[in-house]
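Because the structure is a prediction, the values reported are computed rather than measured.
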Amino acid sequence: MLVQQEIHDKLTTAFAPSALEVVDDSESHRGHAGYQEGGQSHFNVMIRADVFAEMSRVARHRAVHKALGADLVGRIHALALDIGA
């Protein structure tokens with residue numbers, strides 16, 4: 001399974017988002033640290049879910065990282081998060 005799909009599936013399961021977009025942005029980082037041939041190393045995630053309404057920015061990021069799990073986060077070089085309610 002592609003990392004992009006794993007991210008999408010785990011966030012969908014954890015937060016039942018009203019909006020979710022997971023973009024593999026790896027190619028734009030070619031030649032930079034952490035780039036892997038074939039992509040799957042740099043991601044931009046936009047997620048909107050009601051559960052985030054009462055959370056601080058730090059709590060939101062922690063919740064997303066927890067939902068993804070240490071194994072998956074460890075395989076990603078960069079994860080840009082846009083999180084909201």
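- Between the CD atom in Gln5 and the CD1 atom in Ile7 there is a gap of 10.0 Å [rounded to 0.5 Å].
- From Ile76, atom CD1 reaches atom NE2 of His42 across 10.5 Å, with rounding to the nearest 0.5 Å.
- Within the 4.5 Å cutoff, the side chain of Leu72 has heavy atoms near those of the Arg75 side chain.
- Proximity of Phe15 to Leu20: side-chain heavy atoms (C-beta onward) are nowhere separated by under 4.5 Å.
- Taking CG of Leu11 as the start and CG of Leu81 as the end, the distance is 8.5 Å to the nearest 0.5 Å.
- Side-chain contact between Leu2 and Asp24 is absent, with no heavy-atom pair separated by less than 4.5 Å.
- To the nearest 0.5 angstrom, Arg62 atom CZ is 12.5 Å from Arg57 atom CZ.
- A 4.5 Å side-chain heavy-atom check between His65 and Leu79 finds at least one atom pair inside the cut-off.
- Residues Arg48 and Ala85 share a closest heavy-atom pair of CD-O, 3.7 Å.
- Heavy atoms only, all atoms of each residue included: Ala49 and Pro17 are closest at CB-CA, 4.0 Å.
- Of all non-hydrogen atoms in Val22 and Gln4, the two that sit nearest each other are O-NE2, 2.6 Å.
- Atoms CZ and NE2, from Phe43 and His8 in turn, are 13.0 Å apart once rounded to the nearest 0.5 Å.
- The hydrophobic cluster containing Leu68 also contains Val3, counting ILVMFWY residues as joined when their side-chain heavy atoms lie under 4.5 angstrom apart, directly or transitively.
- Cluster membership for Val73 and Val23, using ILVMFWY side-chain heavy atoms within less than 4.5 angstrom, is not shared.
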(message) Pair Asn44, Asp82 - check side chain to side chain contact (heavy atoms under 4.5 Å, CB included), show working.
(response) CA-CA 8 Å; Asn44 296 326; Asp82 176 1; over 6 Å; no

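- Heavy-atom minimum distance, Gly84 versus Phe52: O-CD1, 3.5 Å.
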